[in-house]
Structures are given as C-alpha cells and as structure tokens.
There are 2 protein chains.
Amino acid sequence: MEKKLRTKDKILQASIALFNEVGERQVTTNHIAAHLGISPGNLYYHFRNKEDIVRQIFKEYAKLLETRIKPPAAEAEALDALAEYLDVVFELMWRFHFFYANLPDILARDRALQQDYARVQQGVLERVVSVLKALKAKAVIEIADEDIADFAHSIKLLVTFWISYLKTQAPDSPINQASVYQGVLKVLLLFKPYATAQARPRITKLQQHYAQLAMTEQTS
Amino acid sequence: MEKKLRTKDKILQASIALFNEVGERQVTTNHIAAHLGISPGNLYYHFRNKEDIVRQIFKEYAKLLETRIKPPAAEAEALDALAEYLDVVFELMWRFHFFYANLPDILARDRALQQDYARVQQGVLERVVSVLKALKAKAVIEIADEDIADFAHSIKLLVTFWISYLKTQAPDSPINQASVYQGVLKVLLLFKPYATAQARPRITKLQQHYAQLAMTEQTS
DNA sequence: GTCTATATTCCGATAGAC
DNA sequence: GTCTATCGGAATATAGAC
C-alpha cells in the first residue's frame with residue numbers, strides 16, 4: 001500500500017546499489033546524495049553518518065535471513081533442507097554482496113555493527129551444526145561428532161569469503177549472480193567425501209542442479 | 001656485514017610492524033614517519049607513496065615464499081612434504097598477517113599489486129595441486145582427478161582467509177601466532193575425510209603435532 | 001524536509017633550505 | 001638524506017535559510 005518510498009528508504013536502496021556496484025569503501029555520503037539528486041545536508045538529516053546507513057542495511061539483511069530460513073519440517077529430507085538453506089544464504093549474499101566483498105574492513109570500522117554481526121553469526125553457526133547433525137542422523141554423511149563444529153566453521157568460512165576469494169582471483173571481472181552460485185558447488189564438494197555410498201548419487205544430483213544455475217557465465 | 005639499516009629498510013620494517021599491529025588501512029605515511037621520528041618529507045624521499053611501500057613489502061614476502069619452499073625430495077614422504085609446506089605458508093602468513101587481514105581491500109587499491117599477487121597465487125595453486133597429486137599417488141588420500149583442482153581452490157581459500165575469519169569471529173582479541181596455527185588444523189580437517197584407512201593414523205599424528213603449536217592460547 | 005554554504009580535519013604530496 | 005613549511009583535495013558534518 002505504500003508505493004512511495006520515503007527519502008530515507010530511497011537512500012538505503014541507492015546505497016545498497018552503489019555499494020554493490022563500486023564497493024562500500026569507495027562510496028561516500030556525497031556520492032550517495034549526488035546519485036539521488038539530493039543535497040548532502042538532506043542525507044545527514046536522515047542518517048547520522050555512513051556507518052548509520054550500513055548498520056541499517058545490515059539490520060535489513062539480518063531480518064531477511066531470519067524470515068526466509070524456516071525451520072525444516074521434521075519429515076523433510078535432510079538434503080532438501082540443506083539445499084533450501086544454501087539457496088537462501090547465497091541469494092541474500094548476492095543481494096548484499098558488497099558486505100561480503102570487504103567484511104573485515106567494514107566490521108573494523110564499526111563496533112556496534114561488529115556486535116550485531118557476531119550475534120547473527122552465532123545463530124548461523126548453530127543452524128549449520130543442526131543441519132550437519134540431521135544429515136548424519138539420516139545417514140547422508142558420516143562424520144565424527146567431535147569434528148562437526150570444526151567442519152561447520154570451515155563451511156561458514158568458505159561461504160563467508162567466497163566473494164572475497166572471487167575478487168582476489170579475478171579483480172577485474174565483476175561479480176555476478178552465476179559466479180556467486182559457484183560457491184554453492186564448492187560447499188557441496190566439501191560435503192562429498194563425507195557422503196555415505198547411498199547418499200552420493202543424490203549429492204551428485206544436487207551438484208548438477210547448481211551447476212545449471214552457475215553456468216550462465218564463466219568465473220571459476 | 002651490514003648491521004646498520006638504511007632509512008629505507010627502517011621504513012619497511014616499521015611499516016610491517018605498524019600494519020600488523022593496527023591494520024594497514026589505518027596507518028598513514030604520516031604515522032609511519034612519526035613512529036620512526038623522521039619527517040614525512042623524508043619518507044617521501046624514499047618511497048613515492050604508501051602503495052609503493054606495500055608493494056615492496058609484498059615483493060619481500062613473495063621472495064621469502066619462493067626461497068623457503070623447496071621442491072620436495074622425490075623420496076620424501078608425501079605427508080612430510082605437506083607438513084613442511086604448511087609450516088612455511090603459515091609462518092610467513094603470520095609475519096605478514098596485515099596483508100591477509102584485509103586482502104580484497106588492499107588489492108582493490110593497487111592494480112600493480114593485483115597482478116603481482118595473481119602471479120604468485122598461480123604458482124601457489126600449482127604447488128597445492130602437485131602436493132595433492134603426490135598424496136594421491138602414495139595412497140594417502142583418495143580423490144577423483146576431476147575434483148583435485150576444486151579441492152585445491154577450497155584449501156587455498158581456507159588458508160587465505162583464515163585470518164580474516166578470525167577477525168570477524170573475535171574482532172577484539174588480537175591475532176597471535178597460536179591462533180594462526182589453528183588454521184593448519186582446519187586444513188588438516190579438510191583432508192581427513194579423503195584419507196585412506198592406512199593413512200588416517202598418520203594424519204591424526206600430524207593433527208596432534210599442530211594442536212600443540214596452536215595450544216598456547218585459546219582462539220577457536 | 002530540503003537546500004546552500006561552510007567549517008573542520010586529515011591525508012597525500014611537493015618545494016626548497018640545510 | 002633530511003627537515004620545515006605548506007598546498008591542494010576530499011570527506012565529514014553542521015548551521016541556518018527556505
């Protein structure tokens with residue numbers, strides 16, 4: 001019912017677009033204002049500073065993450081739950097990829113954001129662990145209980161820095177949605193050696209599914 | 001024979017220390033000069049700008065990397081070659097950890113450094129692949145040939161962003177050498193599910209070895 | 001809510017004396 | 001080789017009119 005974006009929302013939306021396009025660090029409040037055709041003073045009427053903008057964007061991201069990840073139905077296939085999870089995580093990562101393109105730098109400049117991020121990540125870790133345990137319970141993977149937490153961290157690291165890795169490998173070619181989805185394939189490869197013989201063909205099937213999504217463009 | 005450091009070398013050494021301590025982005029040419037008790041003008045006599053300093057530091061790093069990694073003796077144990085490799089990589093990573101703490105940002109600001117980094121990484125990737133092939137040939141791990149390159153990328157990603165990951169997880173507690181060595185353990189965990197039954201105990205032994213090194217302080 | 005104008009701060013970099 | 005002095009540039013942020 002609210003078709004009109006208030007200036008505040010326009011600033012947030014334009015900031016996301018600019019950040020994704022040219023990098024958060026390169027975009028100043030002046031750029032954002034100029035891009036929208038408003039004055040810097042106006043922008044500072046709505047936000048205290050750039051940190052404030054980034055913080056609110058992250059809040060929006062975190063809210064989407066929570067909303068979109070439904071607890072898997074008890075009777076659901078464990079592998080389907082994994083796929084659904086990867087879909088949500090990577091889709092949101094694409095929409096806010098500026099954040100992941102320079103995570104340590106962005107966090108280093110804002111303690112409040114740091115706290116917020118840590119809180120969200122704690123939830124993510126628990127989520128990943130529970131997915132791993134479900135996969136083990138359903139005999140999809142075989143893994144020692146004591147290794148689960150470490151493995152979860154490795155997965156999280158891979159996901160978190162996939163975009164950064166792409167940028168270091170090919171800094172010139174811009175990130176696109178297909179290249180982001182190649183990260184899913186890397187995650188699946190991490191799972192593969194843990195897979196039980198019976199589950200392997202189903203993982204292969206998942207791989208093919210995501211290979212499709214990732215094939216639009218060459219990046220790896 | 002040359003005990004005295006020339007000003008140029010003192011600048012490089014002080015820069016590395018400051019960068020590691022407070023982050024490359026936060027350190028300006030003024031800070032470096034002030035830290036050494038010399039004038040900014042003097043610094044600019046020796047270096048064109050900060051990029052120039054970072055570039056020369058990277059050159060030094062790359063040279064050390066090449067020098068210290070000897071091609072493994074043909075008769076050597078494949079696992080020993082892996083351990084030696086990990087030792088060198090992580091030790092140098094520790095000495096230059098400012099670089100890895102903000103890699104995408106640093107590279108984004110300097111195309112020449114980008115090229116240099118890409119060149120070095122190409123060599124690293126080939127090296128990792130050859131270690132993996134040796135491990136496979138000696139029946140230490142079991143892996144499909146088609147998966148080797150992808151797996152090598154995953155290892156490289158994990159290693160490259162291990163320090164960044166630490167910083168996002170606990171931005172307050174400073175990085176130390178022990179926490180860096182926990183990255184080695186994460187790498188070994190990646191290998192574990194690929195290990196053949198006969199090799200598993202030797203990998204466990206390696207894990208214990210690095211667990212010792214990583215135990216000085218808690219970080220994970 | 002929005003604009004114009006401006007104050008401040010800080011960094012990068014150079015000129016010229018010693 | 002080193003210093004002092006300084007300028008230009010850019011970004012942050014605010015004051016005050018409309």
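So you know, we letter chains A, B, ... as the sequences are listed, proteins then strands, and number each from 1. Since this is a predicted model, take the numbers as computed values, not measurements.
- Nucleotide D/dG1 holds its P atom 11 Å from the CG atom of B/Asp9, rounded to whole Å.
- Across every non-hydrogen atom of B/Arg127 and B/Lys70, the tightest pair is NH2-O, 3.1 Å.
- Separating the OH atom of B/Tyr44 from the C1' atom of D/dG1 is a distance of 17 Å, rounded to the nearest angstrom.
- For the pair B/Glu51 CD and C/dC11 C1', the interatomic distance rounds to 14 Å; values are reported in whole Å.
- Relative orientation of the A/Phe151 and A/Tyr194 rings is tilted, given thresholds of 30° and 60° on the angle between their planes.
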### Task
Step by step, work out the side-chain contact (heavy atoms from CB on, under 4.5 Å) result for B/Val131 and B/Val128.
CA-CA 5 Å; B/Val131 169; B/Val128 173; 5.7 Å; no
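- In this structure, B/Asp110 places its CG atom 15 Å from C1' of C/dG12, rounding to the nearest Å.
- B/Arg25 and A/Asp105 are not joined by a salt bridge, as no carboxylate oxygen comes within less than 4.0 angstrom of a charged side-chain nitrogen.
- Between B/Arg6 atom CZ and D/dT2 atom C1' the separation is 16 Å, expressed in whole Å.
- Sorted by first then second residue, the ring-ring contact (aromatic ring centres under 6.0 Å, His included) pairs that include residues 7-52 of chain A, not counting sequence neighbours, are A/Phe19-A/Phe98.
- The aromatic rings of A/Tyr61 and A/Tyr100 stand perpendicular to each other, their planes meeting at an angle above 60°, with 30° marking the opposite boundary.
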### Task
Could you walk me through whether A/Lys167 and A/His97 pass side-chain contact (heavy atoms from CB on, under 4.5 Å), step by step?
CA-CA 11 Å; A/Lys167 283 189 53 169; A/His97 67 260; over 6 Å; no
Below 3.5 Å is the cut-off: list the nitrogen or oxygen pairs between protein and nucleotides 3-7 of chain C, distance only.
unit_1, atom_1, unit_2, atom_2, d
C/dC3, OP2, A/Ser39, N, 2.9
C/dC3, OP2, A/Ser39, OG, 3.0
C/dC3, OP2, A/Asn42, ND2, 3.0

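- We find that CZ of B/Phe47 is positioned 12 Å from P of D/dT2, with the value rounded to whole Å.
- The distance between atom NZ of B/Lys50 and atom P of C/dC10, rounded to the nearest whole Å, is 16 Å.
- Relative ring orientation between A/Tyr210 and A/Tyr181 is described as parallel, the plane-to-plane angle staying below 30° on a 0-90° scale split at 30° and 60°.
- Residues from residues 10-36 of chain A lying near DNA chain D, meaning a heavy-atom separation below 4.0 Å, are A/Thr28, A/Thr29, A/Asn30 in numerical order.
- Between the CZ atom of B/Arg109 and the C1' atom of C/dC11 there is a distance of 13 Å, given to the nearest Å.
- Under 4.0 Å is where a charged nitrogen must lie from a carboxylate oxygen, and between A/Asp116 and A/Arg119 at least one such pair does.
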